[in-house]
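Here the structure comes first, spelled out in structure tokens, and everything after it is commentary.
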Amino acid sequence: MDDFARSVLAWFDVHGRKDLPWQRDRTPYRVWVSEIMLQQTQVATVIPYFERFLARFPSVAALASAGLDDVLQLWTGLGYYARARNLHRAAGIIVRDHQGEMPVDTAALEALPGIGRSTAAAIVAQATDRRATILDGNVKRVLARVHAVAGHSGEARFLARLWDLAEEHTPNERVADYTQAIMDLGATLCTRSRPGCERCPVAARCVARGMENPQAFPAPKPRRRLPERAVRWFLFIDAADRCLLMQRPPTGLWGGLWSPLEYADGTAVEQAALAVGVGAASILSIDLEPPFRHTFSHFHLDIEPVSVRIASATSVLDRADLRWFEPAALGSVGMSAPAVRLLEQLFVGREP
DNA sequence: GATCCGTGGCG
DNA sequence: TCGCCAAGGAT
């Protein structure tokens, strides 16, 4: 074990997090679910989702035998929904190809959808304490500073160098603790802005610390202006106070989730109504709701909601991706966060 | 290599 | 209000 790992572990013994939900009863399944949820997502956000998910799907078998709708429902609001689709698909593969037993070697794990190099290593390290090397955003930041590695995550050379460094520092003992330790260090001390170098256990050996500003590492990624898109969301509500939702295509943005009917900006109500089999004659009122902007990592989406009261759905098309929902049934399927907010505002919120 | 995929928090 | 980005992986 090198001095770096020793120092990080000593710091962890005092300051590290050891009471997270997925840190007790570290079965491979629980560790797996937590690592997927934690991808690009902060601990505080994950905790309630993790608890609900494990209560509903306590085992690989339970997850595999569930419907995708049920899985997406528990993922509602967590984002990056491909994670949920991959998790569900992987559970089926584990039942079929691994007799329902989670594999705990990196090669078998990486063969599963949604598990890459770092996540596979994290599962092995946390569930078995065997040697495996992770490289997430926290570790990248810590190592880029300690070794003053120039560049950023968009560059292959930068990543290759960091993987080498990460491998070199990974100890042969206490791998689970070390893995948690270096992530905690990055999350709580070696933060992107205002790092707490004074309290850092490896400040003495940190090259960036000895230079001008440790915050210069990693280098910021060059950014472009985000492109903009605009859509209309039509929310049809009938006299029985049900609303019409569409299930989005299985891949792409909010894949597999339910949402108001989405059409291009400027689409007329009558046109949208016709497309889903709602007779134009049954339209009672049309309300333009306040538009709102939803920002993603790579584009802005301007959403213009239109609520449409209709007398009855005279000739609803036989489309499997359309369904009328009672207010109480909305909680039983997966929806995006903006869809949830809008429905609460326009639909559920109007209930007496 | 470049792009796509969510959300909430923060300065 | 806005840009930035956090326990990445798939295409």
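We name chains A, B, ... by the order of the sequence lines, and we start the count at 1 in each one.
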Requested in this report: Would you check, one step at a time, whether the test side chain to side chain contact (heavy atoms under 4.5 Å, CB included) holds for A:Asp69 with A:Gln247?
Outcome: CA-CA 10 Å; A:Asp69 271 348; A:Gln247 188 172 33; 3.4 Å; yes
**Report entry** salt bridge (charged side-chain N to carboxylate O under 4.0 Å, His left out) partners of residues 226-236 of chain A, not counting sequence neighbours, each pair once
**Finding:**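 Every pair satisfying salt bridge (charged side-chain N to carboxylate O under 4.0 Å, His left out) with a residue in residues 226-236 of chain A: A:Glu228-A:Arg293, A:Arg232-A:Glu304.
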Query raised in the report: Going by the salt bridge (charged side-chain N to carboxylate O under 4.0 Å, His left out) test, which pairs reach into residues 322-343 of chain A, not counting sequence neighbours?
Result: none
Query raised in the report: Please give, in whole Å, the distance from B:dC5 P to A:Leu72 CG?
Result: 16 Å
Query - Atom-to-atom span, CG of A:Asp302 to C1' of C:dC2 - whole angstrom - result: 14 Å
Requested in this report: Could you name each residue pair satisfying ring-ring contact (aromatic ring centres under 6.0 Å, His included) that touches residues 114-159 of chain A, not counting sequence neighbours?
Outcome: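 As it turns out, the ring-ring contact (aromatic ring centres under 6.0 Å, His included) pairs with a partner in residues 114-159 of chain A, which skip direct neighbours, are A:His147-A:His169.
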Report task. Mark up nucleotides 6-11 of chain B, 5' to 3', with B wherever a protein heavy atom is under 4.0 angstrom from a base atom, S wherever such an atom reaches only the sugar-phosphate, and - elsewhere. Result -> BBS---
Query - Same-atom distance (P) from C:dC4 to B:dT3, integer angstrom - result: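 Here C:dC4 and B:dT3 have their P atoms 16 Å from each other.
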Report task. Could you give the distance separating B:dG6 and C:dT11 at their P atoms, to the nearest angstrom? Result ->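 Here C:dT11 and B:dG6 have their P atoms 14 Å from each other.
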Requested in this report: Under 4.0 Å from any atom of DNA chain C, heavy atoms only: list the residues of residues 13-25 of chain A that qualify, in numerical order.
Outcome: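 Listed by number, they are A:Leu20, A:Trp22.
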Report summary line: Per the under-4.0 Å heavy-atom filter, residues of residues 145-159 of chain A near DNA chain B come out as A:Ala156
Query raised in the report: Are side-chain heavy atoms of A:Leu244 and A:Val276 found at a separation under 4.5 Å?
Result: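 A:Leu244 reaches A:Val276 side chain to side chain.
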Query raised in the report: Does NZ or CZ of A:Arg117 come closer than 6.0 Å to the centre of the six-membered ring of A:Trp163, within 45° of the ring's axis?
Result: yes
Query - Shortest side-chain distance from A:Arg141, nucleotide among C:dG3, C:dA6, B:dC4 - result: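 Nearest to the side chain of A:Arg141 among the choices is C:dA6.
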